[in-house]
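Only one structure is covered here, and it is reproduced in the block below.
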Amino acid sequence: MGYAQVRSVALSGVVGEVIVVEADVAPGLPSLVVSGLPDAALSEARDRIRAAVHNSGGSWPQQRITVNLLPAHLRKHGSGFDAAMALAVLAAGAGLPIGRLADAVVLGELGLDGTVRPVRGVLPAVLAASRAGVGAAVVPLANVAEARLVPGVEVRAADSLGRIIGYLHGTEHLLDPAPGTSVPEPPPLDLADVLGQERGRRVIELAAAGRHHVAMFGPPGAGKTMLAHRLPGILPPLGDEEAIEATALHSVAGTLPPGSGLIRRPPLQSPHHTASVAALVGGGSGLARPGAISLAHNGVLFLDECAEFQPGALDALRQPLEEGRIRLRRASGETVYPARMQLVMAANPCPCARLPHLCQCPSVVRRRYLGRLSGPLMDRVDLQVDLDPVRSAALVDTEVVEPSEVVAKRVAEARGIAAERWKPWAKANAEAPGHVVRQHRMRLPRPVLRPLVQAVDRGRMSARGFERCVRVAWTMADLDGRAAPDAGDVAEALQMRSRSSR
């Protein structure tokens, strides 16, 4: 008869909380009861950990065992508590000394043969342990590189439950593998590949410099997809905090490659047009998993053939575009994932997708096709332009085109100017709060704003559109190195919101 406790970490989205796995062994019929709001995976752990203990040479207590996960009001998901539960049971019923785990959390799923298998979300779990003052973590061997991304925590790896038991008895050592060489990321796609599409290049550069959302319309072959896939290559690399956020989301989703480091390049997500609402914004039974909008956090969400998406799936993006996060409510509670990304949409002008002089679609069909993009969604898109077909001269004649490296330098300089201007409210023009844009120091003169004022008065533009055009004008001024936008910037911003830049 005895009592013991081992610490682990529970995740709710990408937010972790250190929990206490406590075990009590008392006289009675042999049984194992798990309490503390466990899900199905945790309820099934009783069979996994019993077999793992037997196959690791341990002695399973033949008494009444109660395992509780504190705090009991917090729902626990997944199989990452297996190793902690097994150690707590052995300490309570078999006298396993666990003093060496006093300042550590234990993560890992157990196989029936006692192997410690990798789990999702190790990075945010170890990060939560570090913020709670825990100094060490025992993780599966396959997760050790991910766990070491958190500074200030001593990370040790285990490949089996038997190794952990031997470590606690002082007969074995936990694994401390040398850092492996991470697989280098492939070089980003270069804007120099895009020929004869100056308008599209201008739009993508504006989007990168100001974090503006973009919608491009044009016939097949106009370069819409090429431009969208080259946007991450001209965006600034992610800072430490942004990289940890992006990497944690991919860790929770299980899409982080083994042995990879922090995600430094802005991620690009490009879901197929048949994607469901749950695939875009996240979902699933029990713990809602992050969707494409969260996996694109601090990066780009590209919706190619956006008019083919389900209208309900597209409209589900409206709230996250405003708030920068997505709230997923389920019967078991609410999960919040960050979702601050740049939306890039591309669509053909009509269902037949032929060149303008060959299109035979009636006007009503063309309107109905693009009408799948709702007004409230498009009102949140700063740049909306039509792209013309590429001329043959651009493909045949030798043309010097700026590479991504040159454009990225201008973008970085413009971002720095904007970050200094809007400090501490925002880091980019598109994120500047409306009340700050309208305040006396930043307010543009009325003559400069005349085109926007006329558009609002005539009912052609909403108040949201007015502010978004002003932000785009600031981005134009930043790229040109001017202190403030002029009337030409405002007029161009209005044109680029009206699906024309002619």
Side-chain angles (χ1 to χ4, degrees), residues 184-194 197-214 216 223 226-247 261-269 296-302 324 338 340-344 381-383 385 400-433 436-437 442 468-486 489 492-493 496:
E185 290 184 296
L189 299 176
D190 202 319
L191 267 178
D193 300 332
V194 182
Q197 195 52 269
E198 292 304 317
R199 184 181 307 162
R201 293 171 59 93
R202 169 70 166 166
V203 168
I204 289 300
E205 185 173 344
L206 286 171
R211 287 185 65 93
H212 301 291
H213 305 307
V214 183
M216 296 179 288
M226 290 184 67
L227 289 165
H229 281 280
R230 282 152 181 78
L231 175 56
I234 62 174
L235 293 174
L238 302 183
D240 291 342
E241 184 177 348
E242 294 174 327
I244 289 176
E245 288 178 348
T247 309
L262 288 175
I263 296 175
R264 290 293 185 180
R265 183 183 302 166
L268 171 69
Q269 290 291 308
H297 180 60
N298 292 327
V300 177
L301 175 65
F302 176 43
R340 190 171 300 281
M341 49 76 209
Q342 286 184 254
L343 176 64
V344 179
V381 179
D382 305 342
L383 303 168
V385 296
V400 178
V401 182
E402 281 188 327
S404 292
E405 183 180 2
V406 175
V407 179
K409 290 181 180 179
R410 284 201 302 269
V411 168
E413 291 174 359
R415 283 281 191 98
I417 295 172
E420 185 64 28
R421 177 193 306 120
W422 305 119
K423 188 190 299 183
W425 299 285
K427 296 181 179 179
N429 290 321
E431 300 170 352
V436 179
V437 177
M442 299 298 179
R468 288 182 177 272
C469 278
V470 172
R471 295 185 182 104
V472 172
W474 275 107
T475 301
M476 294 175 179
D478 292 341
L479 283 172
D480 292 342
R482 289 181 276 110
D486 56 23
D489 296 326
E492 184 182 2
M496 285 197 169

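Start at 1 with the first residue, then count along the sequence. Since the model is a prediction, treat every value here as computed from it, not as a measurement.
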Side-chain contact, heavy-atom cut-off 4.5 Å: [X] with [Y]?
X    : Y    : answer
M341 : H297 : no
R199 : Q197 : yes
H212 : M496 : no
R230 : I204 : no
M442 : V437 : no

- With the threshold set at 4.0 Å, does a side-chain nitrogen-carboxylate oxygen contact exist between K423 and E420? yes
Quick one: does [X]'s side chain have a donor or acceptor within less than 3.5 Å of a partner on [Y]'s backbone?
X    : Y    : value
T247 : I263 : yes
R471 : A428 : no
H213 : Q342 : no
R201 : L191 : yes
D190 : A192 : yes

- Query: Considering residues at least two apart in sequence or located in another chain, which fulfil the salt bridge (charged side-chain N to carboxylate O under 4.0 Å, His left out) criterion with R468?
  - Reply: E322, D382
- Query: So among L268, L383, L231, which one has a side-chain contact (heavy atoms from CB on, under 4.5 Å) with V344?
  - Reply: L231
Minimum heavy-atom separation for [X] and [Y], please, with both atom names.
X    : Y    : value
R482 : M476 : NH2-O, 4.0 Å
D193 : M226 : O-CE, 3.4 Å
D478 : A414 : CB-CB, 3.9 Å
P267 : L238 : CD-CD1, 4.3 Å
V300 : P232 : CG2-CG, 4.2 Å
N298 : P266 : O-CB, 3.5 Å

- Verdict with reasoning, V472 to N429, per side chain to side chain contact (heavy atoms under 4.5 Å, CB included): CA-CA 7 Å; V472 172; N429 290 321; over 6 Å; no
- Task: Let me see the working for R340 and R211 under side chain to side chain contact (heavy atoms under 4.5 Å, CB included), right down to the final yes or no.
- Result: CA-CA 10 Å; R340 190 171 300 281; R211 287 185 65 93; 3.7 Å; yes
- Rounded to the nearest 0.5 Å, what's the gap from CD1 on I417 to CD on E413? Could you check? 7.0 Å
- Item | Separation between CD of E205 and OG1 of T475, rounded to the nearest 0.5 Å | 11.0 Å
- Sequence neighbours left out, what passes side-chain contact (heavy atoms from CB on, under 4.5 Å) with P485? Give chain and number order. L444, A473, W474, A477, D489
- Message: I need the full list of salt bridge (charged side-chain N to carboxylate O under 4.0 Å, His left out) pairs touching residues 234-246, with sequence neighbours left out, sorted by first then second residue.
- Response: D240-R264
- Does CD belonging to E402 count more than 12 external heavy atoms closer than 6.0 Å? yes
